[in-house]
Amino acid sequence: MKISLKRDVQARHVATGFENIHFVHKALPEIDRQKIDLSTTVFGHKFSAPLIVGAITGGTSEATKINSAIAEAVEALGLGMGVGSQRAAIEDKRLEKTFAIARKKAPTAFLIANVGGVQLVNGYGVREVKKAIEMIEADAIAIHLNSLQEAVQPEGQTNFKGILEKISELAKELDKPIIAKETGAGIAAEEAKKLESAGAKGIDISGAGGTSFAAVECYRAEGRGNSFQRMLGDVFWDWGIPSAASLVEVSQAVKIPVIASGGIRRGVEVAKALAVGANLTSLSYPILQAAVKGARETINVLSSLIEELRNSMFLVGADSVRALKRVPIVITAETAEWLTVRGFNVESYARRGRSETL
Ligand SMILES: Cc1cc2nc3c(=O)[nH]c(=O)nc-3n(C[C@H](O)[C@H](O)[C@H](O)COP(=O)(O)O)c2cc1C
């Protein structure tokens, strides 16, 4: 958390691909901007807008303040939030309050607990995961997939063998939905299908183009004078499936809700992600930057995103989230190339709502 606030840990040479996704501006929107309905129901929960704050932190006193600010903001705005990995608090009860503050400050918001998938391979089971859920009275549990981070970390846990089976076992035992979540390297259609079959009830694609965990580890290694590990982080800095490509892949592959994240920075990108197929969108790094300043600043940043989303919807004549999913989208450049080479249909997005006789 400290590194990502002090140093630039954003992707360097890989972009999200949302710059290659274009709306077709509608000169005749035929809707009233004031009457646009941003609400949506996902996982049986009604969100005032299709926006959540992605997993960031927990475990330290600093983290308590950040979780508190985010929770206060999402409660005020009717959104949702994920807490960071709860491993530290599962192992040390004294740290529970750094996470539990989220539910205290957000009694009605949608909250997502967080445990690492690799922890399931290395001994965590139903007991530990239930503990994480109960700690924040969570509505869902994210199982994070972070092979990139573990692979560039000196102390990384790199045995992922059997991870899908562990997720499947867990899904049978839990009464809360499992969201399989990447952490900045994206999810491909093949993996998404396997996760859906294993019982995941949602997928957070968290693709490349935003926060890079290889970058974080590069700076951590630099701080420790570990030049080999620093180089490894540097080489893998831009690794991953760009967010927009991952989002199209996954939303065409599965029927469960899809959360778009990884480098989403403005409400226009939120709108693009929804139009392409996301059910919810999520941001982490920009919200961390706001949350260190407090709840008020977090509310301001989230409110701006919501207004930008509303404007985008107005300009394409979409008066609801459902209507936004039917507007034409043009996918160009590397994103179109990626998807075409991978066998996905790009043209159907551009032809939406168009009569053949145009
Ligand atoms: C400081 C920081 C800590 C994070 N910690 C976690 C974590 O504990 N668990 C997790 O699933 N994702 C974690 N993430 C990843 C984010 O949830 C998200 O997937 C990723 O940062 C991409 O989104 P962004 O580009 O909007 O930051 C963290 C991100 C940041 C910036």
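The analysis underlying the following values was restricted to heavy atoms, covering all of them including side chains, and did not include hydrogens, waters or symmetry mates. Every value quoted in this text rests on a predicted model; they were computed, and no experiment measured them. In each ligand, atom 1 is the first atom listed, and ligand 1 is the first ligand listed.
- Without hydrogens or angle criteria, Gln252 side chain to Asn345 main chain gives a donor-acceptor distance under 3.5 Å.
- Ranked by closest heavy atom to atom 31 (C) of ligand 1, the top entry among Thr211, Val216, Ile259 is Thr211.
- Among the atoms of Tyr285, some N or O lies under 3.5 angstrom from an N or O of ligand 1.
- Contact check on Arg33 versus Asp319 returns no salt bridge, with no Lys/Arg side-chain nitrogen under 4.0 Å from an Asp/Glu carboxylate oxygen.
- Not close to ligand 1: Thr57, with no non-hydrogen atom less than 4.0 angstrom away.
- For Asn114, every heavy-atom contact with ligand 1 shorter than 4.0 Å involves the side chain, none the backbone.
- Counting heavy atoms under 4.0 Å from ligand 1, residue Ser4 touches it through the side chain alone.
- Enclosure of atom CD in Glu62 is not indicated, since only 12 or fewer non-hydrogen atoms of other residues, nucleotides or ligands lie within 6.0 angstrom.
- Under the 4.5 Å side-chain contact rule for hydrophobic residues, Ile101 and Val74 do not share a cluster.
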Quick one, Ser85 with Asn114, criterion side-chain hydrogen bond (donor to acceptor under 3.5 Å, both in side chains). Give me CA distance, side-chain angles, the key distance, then yes/no.
CA-CA 5 Å; Ser85 170; Asn114 191 293; 4.5 Å; no
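- Closest to atom 13 (C) of ligand 1 among all protein heavy atoms lies Ala55 O, 3.4 Å.
- Shortest contact from atom 30 (C) of ligand 1 to any protein heavy atom: Phe213 CZ, 4.2 Å.
- Atom 3 (C) of ligand 1 has its closest protein heavy atom at Ile56 O, 3.0 Å.
- For ligand 1, the atoms closer than 4.0 angstrom to any heavy atom of Met1 are 1 (C).
- Listed by first then second residue, pairs satisfying salt bridge (charged side-chain N to carboxylate O under 4.0 Å, His left out) with a partner in residues 259-285 read Arg266-Glu308, not counting sequence neighbours.
- Close approach to Ser85 involves these atoms of ligand 1, each under 4.0 Å from a residue heavy atom: 7 (C), 8 (O), 9 (N).
- The ligand atoms of ligand 1 that sit less than 4.0 angstrom from a heavy atom of Leu283 are 26 (O).
- Between Glu128 and Lys131, no side-chain nitrogen of the basic residue sits less than 4.0 Å from a carboxylate oxygen of the acidic one, so the salt-bridge criterion is not met.
- The heavy atom nearest to atom 12 (N) of ligand 1, out of those in Lys181, His144, Lys2, Glu182, is found in Lys181.
- Residue contact check: Gly210 has heavy atoms under 4.0 Å from atoms 25 (O) of ligand 1.
- Looking at atom 20 (C) of ligand 1, its nearest protein heavy atom turns out to be Ser206 OG, 3.8 Å.
- Between Lys166 and the choices Asn122, Val118, Leu120, the side-chain contact (heavy atoms from CB on, under 4.5 Å) rule is met once, by Leu120.
- Those atoms of ligand 1 that come under 4.0 Å of a heavy atom in Gly262, given as number and element, are 22 (C), 23 (O), 25 (O).
- Note on Val258 and Ile331: same hydrophobic cluster, where clusters join Ile, Leu, Val, Met, Phe, Trp and Tyr whose side-chain heavy atoms are under 4.5 Å apart, directly or indirectly.
- Between the side chain of Ser39 and the backbone N or O of Ser48, no donor-acceptor pair lies under 3.5 Å.
- Each of the following atoms of ligand 1 lies closer than 4.0 Å to a heavy atom of Arg265: 24 (P), 25 (O), 26 (O), 27 (O).
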